[in-house]
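For clarity, every value in this text was computed on a predicted model and none was experimentally measured.
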Amino acid sequence: MEMALAVVRLIIGLAVVIFLINVLMRYLNKYTTQNNDSLRLVLRVALSKNLSLGIVEILGAYYVVSMSEQKLEIIRQLDAEEIEQLEANLAQKQAANEQQVEKFKEIFTKAKLTVRKDHKDDED
């Protein structure tokens, strides 16, 4: 009996610790998250574990940058034609993602209706 009580106390203690960690993380997130309208990471491609290339928008200008753990280096600025191609590509990817989300919703709705129908047939 004492062992069961100890296990219950342990589980309750762990639940309290996890809850407090969650509350603390939410509180700290308010102060560590930075909303910066003048700087935006548009695209990032990992080349290795510690190295990636990215496209960053800084005050309306787009730059290709190299990012590593030690430094961030601007490689070059994109010209207007490249920016147009980039924005078109990003818009195309966004549209494709939205189509995939809609397809998933349709599949999920059909599956949900099938499960409900099967469940209703089982009850009868």
Side-chain angles (χ1 to χ4, degrees):
M1 185 68 176
E2 289 181 28
M3 184 66 146
L5 184 60
V7 170
V8 169
R9 289 174 61 194
L10 177 68
I11 291 172
I12 291 173
L14 285 174
V16 168
V17 168
I18 290 171
F19 174 76
L20 291 174
I21 289 172
N22 188 13
V23 169
L24 180 64
M25 292 300 291
R26 288 180 187 212
Y27 176 76
L28 291 176
N29 193 29
K30 290 180 184 177
Y31 297 104
T32 58
T33 303
Q34 298 176 357
N35 285 337
N36 193 348
D37 295 332
S38 60
L39 176 70
R40 179 174 70 109
L41 179 62
V42 177
L43 183 65
R44 183 177 184 166
V45 178
L47 300 177
S48 70
K49 182 180 176 185
N50 299 326
L51 181 65
S52 58
L53 286 176
I55 297 178
V56 179
E57 179 186 10
I58 303 172
L59 298 172
Y62 290 82
Y63 299 93
V64 177
V65 296
S66 170
M67 297 175 274
S68 68
E69 290 181 0
Q70 291 82 21
K71 65 179 180 177
L72 175 77
E73 184 178 344
I74 295 176
I75 297 173
R76 70 183 193 91
Q77 184 174 357
L78 297 178
D79 60 24
E81 182 180 318
E82 292 169 326
I83 293 170
E84 288 176 12
Q85 289 177 349
L86 173 67
E87 289 175 347
N89 189 10
L90 292 175
Q92 191 176 36
K93 285 183 181 180
Q94 179 68 25
N97 287 342
E98 290 173 1
Q99 287 177 350
Q100 288 178 342
V101 167
E102 289 302 318
K103 286 180 183 178
F104 177 77
K105 284 180 182 178
E106 289 175 18
I107 293 169
F108 184 73
T109 303
K110 288 178 184 177
K112 198 163 119 178
L113 292 174
T114 304
V115 169
R116 283 184 183 168
K117 181 181 176 187
D118 291 344
H119 182 68
K120 192 173 186 179
D121 290 344
D122 290 342
E123 289 178 353
D124 294 339

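- Taking 4.5 Å as the limit, some side-chain heavy atom of K93 sits within range of a side-chain heavy atom of N89.
- Hydrophobic clustering, with ILVMFWY side chains joined whenever heavy atoms are under 4.5 angstrom apart, groups L39 together with Y63.
- Here the CG atom belonging to L28 is positioned 11.5 Å from the CD1 atom belonging to I21, to the nearest 0.5 angstrom.
- Without hydrogens or angle criteria, E87 side chain to E84 main chain gives no donor-acceptor distance under 3.5 Å.
- Hydrophobic clustering keeps I58 apart from I75 (ILVMFWY residues linked when any side-chain heavy atoms are closer than 4.5 Å, directly or through intermediates).
- For the pair N50/S68, no side-chain contact is recorded, criterion being any heavy-atom separation below 4.5 Å from C-beta on.
- We find the OG1-CZ distance between T109 and F104 to be 9.0 Å, quoted to the nearest 0.5 Å.
- Cluster annotation: V7 is not connected to I12 through the hydrophobic network of ILVMFWY side chains, with a link wherever side-chain heavy atoms come within less than 4.5 Å.
- Contact annotation: the side chain of V45 never approaches that of S52 to less than 4.5 Å [non-hydrogen atoms, C-beta and beyond].
- In this structure, the side chains of R76 and L78 come closer than 4.5 Å at one or more pairs of heavy atoms.
- At a threshold of 4.5 Å between side-chain heavy atoms, the hydrophobic network of Ile, Leu, Val, Met, Phe, Trp and Tyr places Y27 and M25 in two separate groups.
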(message) Walk me through whether M67 and L41 qualify under side-chain contact (heavy atoms from CB on, under 4.5 Å).
(response) CA-CA 11 Å; M67 297 175 274; L41 179 62; 4.3 Å; yes
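- Rounding to the nearest 0.5 Å gives a distance of 4.5 Å between CD of Q94 and CD of E98.
- How far CG of L47 is from CG of L53: 4.5 Å, rounded to the nearest 0.5 Å.
- Distance check: L90 CG to N97 CG gives 10.5 Å after rounding to the nearest 0.5 Å.
- Linking Ile, Leu, Val, Met, Phe, Trp and Tyr whenever their side-chain heavy atoms come within less than 4.5 Å leaves V65 and Y62 in two separate clusters.
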